[in-house]
**Q** 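First the structure, which I've put down as structure tokens, then a few questions once you've had a look.
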Amino acid sequence: MPHQPSRITVIDTDPGIDDAVAILLALNSPEFDIRGITTVAGNIGIATTTRNAGRILVLAGRSDIPVIAGANAPLSRKGFDTADIHGNDGLGGVSFPEPIAQPAGHDAVAWLAQLLDEEAAGTVDILALGPLTNVARLLTEHPTSASRIGRLIAMGGAIREPGNIGLKAEFNIAADPEAAEIVFASGQPVTLIPLDVTRKVRADRAYLSALRAAAKPAATISAELIDAYFQSTTGGESRPLHDPCVMLYALQPDLFGCERFGLGVDTGNSGDAGALLFDTNAGEISVAMTVNSPAALDLLRKRLIA
Ligand code: BDR
Ligand code: CA
């Protein structure tokens, strides 16, 4: 695939095993001019997601990229803890170096607004891999800056698939349903990457072996991370690569087939809070519903072993 011109990119994330693989994919892809990693509480608390973003950057030799800590809790409810899946350190116990630089303060939202104001309108993309708390705050606290976002691509939700934290609720949306509702209603050019596609992009043991055989740092560490995911979850011969699908969509949208839906979010207090609701009165957003899985896995592997 010929490389597209590089686009200014911010990764908003809660690393997180699959977040880490997604970040490594982005760092190995010249199409992304990564200006910063903003962090959010999600898979684990904000101190750990922020530390992990710094650890991933050191491992990749990219400590020049700033890490800016964001929201330490959802907009209006208590966060979840997924230490059972991502480990107490958020990265499955896989060995990473410590961050070199301190995170640049605790104001990811103001930092994002400033970047959007400084760059030409429509040139800054946000790739969102966690709960949408920071993005929702950007939209509500800095609407003029937010209107300058280029692409907003977010992993979250389940349309025709069951959820992974409730009957229909998916983790990122359920972790902050109010934030997701703000984002969906914003009129921004949102593309949602739900479980309907991420569950179809799966790494099996043979895929891990191919990553390891390349003996390249990003591939080896990704194999270790996915291996940790195998150890913390039971059943099945493969594991879904949720967050890397955001980067894969940004790199090559034609790997995915999208439909447009008006979506609301269940913001109640049932066990299925965060479930997506079809809303014919809501403005439509683009939702990835099909994926060319072999081609997506191939692109991920090629970039990690580069
Ligand atoms: C999402 O939830 C998190 O646990 C993963 O990192 C991913 O962003 C999948 O539902
Ligand atoms: Ca995530």
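Both ligands and their constituent atoms are indexed starting at 1 by order of listing.
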**Q** Can you tell me which N/O/S atom of Asp243 has the shortest distance to the Ca ion (ligand 2)?
**A** OD2
**Q** Answer yes or no for Arg239 and Tyr207: cation-pi contact, defined as NZ/CZ to six-membered ring centre under 6.0 Å and angle to ring axis within 45°.
**A** no
**Q** With Thr38 as reference, evaluate Val135, Ile68, Val109 under the side-chain contact (heavy atoms from CB on, under 4.5 Å) test and give the passing residue.
**A** Ile68
**Q** Looking only at distances, please establish whether an N/O atom of ligand 1 is found under 3.5 Å from an N/O atom of Asp19.
**A** yes
**Q** Taking atom CD as the centre, does Gln114 end up with more than 12 heavy-atom neighbours from other residues, nucleotides or ligands that are less than 6.0 angstrom away?
**A** no
**Q** Distance alone, cut at 3.5 Å: any donor-acceptor contact between the side chains of Asn134 and Arg137?
**A** no
**Q** What atoms of ligand 1 come closer than 4.0 angstrom to any heavy atom of Glu170?
**A** 1 (C), 2 (O), 9 (C), 10 (O)
**Q** Give the name of the N/O/S atom in Asp14 that lies closest to the Ca ion (ligand 2).
**A** OD1
**Q** Below 4.0 angstrom, N of the basic side chain to O of the carboxylate: do Asp33 and Arg35 qualify?
**A** yes
**Q** Specify the protein heavy atom at minimum distance from atom 2 (O) of ligand 1: its residue, its atom name, and the distance to 0.1 Å.
**A** Phe171 CD2, 3.3 Å
**Q** To check your reading of the model: name the closest protein heavy atom to atom 3 (C) of ligand 1, its residue, and the distance in Å.
**A** Asn43 OD1, 3.2 Å
**Q** Using 3.0 Å as the threshold, say whether any N, O or S atom from Asp18 sits that close to the Ca ion (ligand 2).
**A** no
**Q** Below 3.0 Å, any N, O or S contact between Pro15 and the Ca ion (ligand 2)?
**A** no
**Q** Any atoms of ligand 1 less than 4.0 Å from a non-hydrogen atom of His86? List them with their elements.
**A** 4 (O), 6 (O)
**Q** Can you tell me which residue and heavy atom of the protein come closest to atom 8 (O) of ligand 1, and the distance to 0.1 Å?
**A** Asp243 OD1, 2.6 Å
**Q** Atom 6 (O) of ligand 1: which protein heavy atom is closest, and how many Å away?
**A** Asp18 OD1, 2.5 Å
**Q** Give a yes or no on this: more than 12 heavy atoms of other residues, nucleotides or ligands lie within 6.0 Å of atom CG of Asp204.
**A** yes
**Q** Considering only heavy atoms of Leu129, which atoms of ligand 1 have at least one such atom less than 4.0 Å away?
**A** 8 (O)
**Q** Would you mind checking if Glu98 and Arg51 are paired as a salt bridge, meaning a charged N to carboxylate O distance below 4.0 Å?
**A** yes
